[in-house]
Amino acid sequence: MQPVPSLAVPDELSALMLRVQRGDRAAFNLLVRALEGPGLRLADRTLRDRAAAEDVVQTALSRLWSMADRFDVERGSVAGWFRRIIVNLCLDGVRARRPMLAIDDALHLPSSAPDPEAQAIDTDQKVRLMAAMAQVAPRQRMALAMFHGEGLSMAEIAEALETTPKAIEGLLGRARMELKTLIMAQENEAQ
Amino acid sequence: MTSDRALEIIGAYGAKPVGWPAAERAAVLAAAAHDAAVGAALAEAGELDALLRAWAADVPVRQFDVATLLPARTIAAPQHSRVLRWASGGALAATIAAVLVIAAPNLVSGVSPLPTRIVAPLETASTDTEPLEGFALIFTPTADEEDLI
């Protein structure tokens, strides 16, 4: 698995954002390259819809430029600000769209595992996880993506979801417990 | 540390000690070494961690076209101090007042009160008054209109 770059490099990115505030397009280009990947992973894992996730990231990146004057480096990092934009857009999207099918969209997933048997097991696990993910709340998926994907701290996740680190600890605990239960139920059904 | 708290931490943060709260890390590791239930939870959590890391990272990368991300924006005006803003507003008001006094003194000194006219209320249509009569009270036809009538 390739290492996942983290959003948590506030000093460098915030310095770029200060240049963006002055209309520096080269700085904006660098900022986009730094934030698009983490933003896309968060939106995609939350929404479970690639096209919708791309729309969210496009809008969020665009706001970095159009609302640049609202960024205040003393109130937090640009990465945190960007995450909050993504989170809010995702939650808006979740509210706006109709419920999606839980399992049907997770049936055909590619795997890079070379051994056919390992590949079958790997794909099987992914399918079960994806199906289970469809059952947990979007905020839980967000917290899981930020913690396990971006390696963010409880405080950073709490800032993005506008709650407390203790609440995030509970959110993650419940999410993992639900996932385990759902995966086990699928395994029992398969046997 | 209680077993419940150790299980709670592993349940929320997973199996990697680096992710646990620093103040509780050593105690959780000690609990895992001495408590079979905590040890089992730690081993089990590692499997889910691996799945979740793969899930979180398994998103195709895409580069966005920066040119399309650049909508028009209004660059905020430089932020002056509040005192300067008040002062500039006051100066503008004073300038306008001075121009009015010099250019149109009558407007300031020779202002006579507007003639007041007491307007008697129109007679309201009563039950014994035809609507056309009320209309005639306020409509005076011109000569051309008279011809038409």
Side-chain angles (χ1 to χ4, degrees), chain A residues 1-4 21-23 25 28-29 32-33 36-37 39-45 50 53-54 57-59 61-70 109-110 122 125-126 128-130 133 144-151 153-154 165 168-177 179-180 183, chain B residues 1-25 27-28 37-38 40-80:
Chain A
M1 182 173 53
Q2 63 182 19
V4 179
Q21 284 184 323
R22 299 191 293 270
R25 293 187 177 204
F28 181 63
N29 192 45
V32 168
R33 294 286 90 89
E36 63 190 354
L40 197 50
R41 280 191 292 275
L42 177 57
D44 186 288
R45 299 292 81 169
R50 176 70 184 192
E54 289 189 3
V57 177
Q58 173 107 8
T59 303
L61 290 170
S62 193
R63 285 186 185 176
L64 286 181
W65 176 263
S66 62
M67 299 180 175
D69 58 329
R70 296 191 190 180
L109 292 171
D122 185 43
Q125 284 180 322
K126 280 186 180 177
R128 285 178 184 146
L129 180 66
M130 293 295 273
M133 279 293 180
L144 289 166
M146 284 189 265
F147 186 70
H148 293 282
E150 309 302 327
S153 68
M154 294 292 132
I168 295 299
E169 193 181 290
L171 190 73
L172 282 172
R174 287 191 299 278
R176 288 175 63 105
M177 178 63 74
L179 287 173
K180 272 195 294 188
I183 289 170
Chain B
M1 167 171 289
T2 63
S3 295
D4 282 350
R5 177 59 186 157
L7 290 170
E8 197 175 67
I9 288 173
I10 293 167
Y13 294 79
K16 287 171 72 177
V18 70
W20 301 342
E24 296 174 288
R25 198 171 295 151
V28 177
V38 177
L42 194 58
E44 191 187 352
E47 292 175 29
L48 186 57
D49 283 353
L51 269 178
L52 288 172
R53 276 196 301 273
W55 166 80
D58 191 18
V59 177
V61 177
R62 180 207 147 167
Q63 286 203 341
F64 287 82
D65 179 7
V66 174
T68 63
L69 299 171
L70 293 169
R73 71 168 174 180
T74 50
I75 303 290
Q79 294 289 310
H80 297 300

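Note that this is a predicted model, so its numbers are computed, not measured.
Contact annotation: the side chain of A:Gln125 never approaches that of B:Glu47 to less than 4.5 Å [non-hydrogen atoms, C-beta and beyond]. Side-chain contact between B:Val66 and A:Phe28 is present, with heavy atoms from C-beta onward closer than 4.5 Å. Using a 4.5 Å heavy-atom threshold, the side chains of B:Asp58 and A:Lys126 count as touching.
To the nearest 0.5 Å, atoms CG (B:Asp65) and CG (A:Leu61) are separated by 11.5 Å. Interatomic distance, NE2 of A:His148 versus CG of B:Leu48, reported as 6.5 Å (0.5 Å rounding). From A:Arg176, atom CZ reaches atom CD1 of B:Ile10 across 9.5 Å, with rounding to the nearest 0.5 Å.
The environment of B:Met1 atom CE is dense: over 12 non-hydrogen atoms of other residues, nucleotides or ligands sit within 6.0 angstrom. Around CZ of B:Arg5, the count of heavy atoms belonging to other residues, nucleotides or ligands within 6.0 Å exceeds 12.
Contacts between A:Leu179 and chain B at a heavy-atom distance below 4.5 Å involve the side chain alone, from C-beta outward. Only the side chain of A:Asp44 comes within contact range of chain B, judged by heavy atoms closer than 4.5 Å. For A:Arg174, no part lies near chain B; criterion is any non-hydrogen pair under 4.5 Å. For A:Leu144, the parts lying near chain B are the backbone and the side chain together; criterion is any non-hydrogen pair under 4.5 Å. A:Met146 does not touch chain B: none of its heavy atoms, backbone or side chain, sits under 4.5 Å away.
Closest heavy-atom contact between A:Phe147 and B:Tyr13: CE2-O, 3.2 Å. Summarising the geometry of A:Trp65 relative to B:Leu70, their closest heavy-atom pair is CD2-CD2, 3.3 Å, with the distance given to 0.1 Å. The two residues B:Ala56 and A:Gly149 come nearest to each other via the heavy atoms CB-CA, 3.4 Å. For the pair B:Leu69 and A:Ser62, the tightest heavy-atom approach, listed with the atom from each and the gap, is O-OG, 3.4 Å.
B:Arg62 is linked by a side-chain contact (heavy atoms from CB on, under 4.5 Å) to A:Leu40, A:Arg50, A:Glu54, A:Gln58, B:Phe64, counting only residues two or more places apart in sequence or in another chain.
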